[in-house]
Amino acid sequence: MRDSLSDELLGWYDVHARDLPWRTGPAARAAGERPDPYRVWLSEVMLQQTTVPAVKSYFAAFTTRWPTVADLAAAEDGDVMAAWAGLGYYARARNLLKCARVVAAEHGGTFPDSVEGLRALPGIGPYTAAAIAAIAFDRPATVVDGNVERVMARLHAVETPLPTAKGELTALAAGHTPEERPGDYAQAVMDLGATICTPRSPACGICPWREPCVARADGIAATLPRKLPKAAKPVRLGIAYVARREDGAWLLERRPDSGLLGGMLGWPGSDWGEAPEPAPPLDADWQDAGAEARHTFTHFHLRLAIRVARAPVDAVPERGMFIAQGDFRPSDLPTVMRKVFDLARAELTD
DNA sequence: CATACGTGGAC
DNA sequence: TGTCCAAGTAT
């Protein structure tokens with residue numbers, strides 16, 4: 001389907017498109033250059049629930065270290081997890097590697113160019129499949145992310161709360177998707193949502209869709225989309241154990257592949273709950289570090305008590321493994337574990 | 001369909 | 001300090 005709205009938005013995009021590292025600019029495309037599907041895929045996965053400023057340095061690091069999907073497929077798991085550390089939602093990194101290996105081994109290093117083919121790959125859901133198909137292969141796929149939901153809810157004054165309204169908003173979005181320049185159109189709607197049709201205070205005065213926007217006419221743009229109230233976050237407690245060997249090595253463990261912080265390096269510790277049981281990973285003289293690490297996850301607040309100890313060079317831990325001082329980089333840790341390290345290091349550094 | 005899954009910035 | 005929010009996916 002096609003309507004004049006998409007033309008107006010594309011006209012705006014031609015002038016106001018942001019210059020982002022994973023984009024192929026208008027000049028390059030005019031010269032016949034297409035975006036690299038690998039870079040489009042990598043950027044889209046990184047951008048899932050994550051802001052552009054947070055993604056930029058990670059995208060640069062990944063593309064420098066692993067310039068092609070074949071390079072990434074050949075990487076060590078631990079290296080990729082370490083490179084993703086701090087970006088969050090670590091299942092993305094595990095699926096990124098799985099996906100790269102499937103593309104390298106089963107697709108000859110070439111990404112599928114259809115929504116269905118892309119959708120079958122690990123870590124690629126409805127949004128990402130449509131985004132890659134549209135942006136990398138110029139397929140007329142309908143891209144629906146949080147921006148598109150917000151823009152459609154306002155353009156058509158949809159007052160049904162999310163997530164109930166999701167289907168209706170998707171159908172509305174599909175009705176506007178043009179056959180021409182679908183990749184630019186997809187990025188244009190998302191740019192519009194990110195820069196003009198923002199969640200709290202939309203800049204309706206300079207919006208290319210200000211005339212047709214029903215919510216603006218009704219004076220309710222800033223109140224849309226409506227959302228069901230969120231559940232309160234409970235507080236969980238835990239204990240983290242930071243041990244340092246006399247030779248400077250640190251006792252860390254690789255977390256199980258599934259669940260919270262799956263596949264990441266972390267400090268051994270108790271379960272996280274209402275009344276955690278002590279679970280020292282090593283027989284040692286554990287001392288309270290005197291400060292707790294506080295961290296908020298998507299669905300709970302965490303307060304981690306910190307115990308520190310020094311261990312002899314022949315110490316044999318019951319859990320985890322000692323990592324030599326020279327091999328340990330705090331930047332390899334997920335943020336909550338880095339907070340623990342920052343609080344514990346003063347007690348264990350001479 | 002509901003829930004689990006991170007983090008940092010804006011207000 | 002607390003809440004909301006961001007280019008979602010897997011189960």
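Numbers restart at 1 for each chain; the letters A, B, ... are given by sequence-line order, proteins then strands. Just so it is clear, the model here is predicted, and its values are computed rather than measured.
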From C:dT9, B:dG6, C:dC4, nucleotide with atom closest to A:Arg200 side chain: C:dC4
Nucleotide of C:dA6, B:dT7, C:dA10 approaching A:Tyr90 most closely (side-chain heavy atoms): B:dT7
d(CD, A:Glu149; P, C:dC5) in whole Å: 12 Å
Selection from C:dC5, C:dA10, B:dG6 that lies nearest to any side-chain heavy atom of A:Thr298: B:dG6
Backbone of A:Arg216 reached by a side-chain donor or acceptor of A:Arg154 within 3.5 Å: no
Electrostatic pair A:Asp14-A:Arg181, nearest N-O below 4.0 angstrom: yes
Proximal nucleotide (of C:dA10, B:dG8, C:dC5) relative to the A:Asn95 side chain: C:dA10
Touch class at under 4.0 angstrom, heavy-atom based, for A:Pro163 against every strand present: nothing
Proximal nucleotide (of B:dG6, C:dG8, C:dA6) relative to the A:Leu261 side chain: B:dG6
Atom pair distance, as rounded to whole Å: CG in A:Leu121 and P in C:dT9: 12 Å
Whole-Å distance separating the CD atom of A:Gln49 from the C1' atom of C:dT9: 9 Å
Flag for A:Arg23-A:Gln187: side-chain donor and acceptor within less than 3.5 Å: yes
Interatomic distance where NZ belongs to A:Lys227 and P belongs to C:dG8 [whole Å]: 10 Å
Rounded P spacing from B:dG6 to C:dT11 in Å: 14 Å
Nearest listed nucleotide, side chain of A:Asp145, among B:dT7, C:dG8, C:dC4: C:dG8
Proximal nucleotide (of C:dA10, C:dC5, C:dG8) relative to the A:Lys230 side chain: C:dC5
d(CG, A:Leu162; C1', C:dG8) in whole Å: 13 Å
N/O donor-acceptor pair, side chain A:Thr50 with base B:dG8, under 3.5 angstrom: no
Pair A:Thr63-A:Arg39, side chain to side chain contact (heavy atoms under 4.5 Å, CB included): steps then yes or no: CA-CA 8 Å; A:Thr63 52; A:Arg39 294 167 65 89; 3.8 Å; yes
Check: A:Asp342 side chain, A:Lys339 main-chain N or O, donor-acceptor pair, under 3.5 Å: no
Touch class at under 4.0 angstrom, heavy-atom based, for A:Ser43 against every strand present: nothing
A:Tyr127 (side chain) and C:dG8 (base): donor-acceptor pair under 3.5 Å: no
Touch class at under 4.0 angstrom, heavy-atom based, for A:Lys166 against every strand present: nothing
Proximity to the side chain of A:Arg119 - top-ranked nucleotide from C:dA10, B:dC11, C:dG8: C:dA10
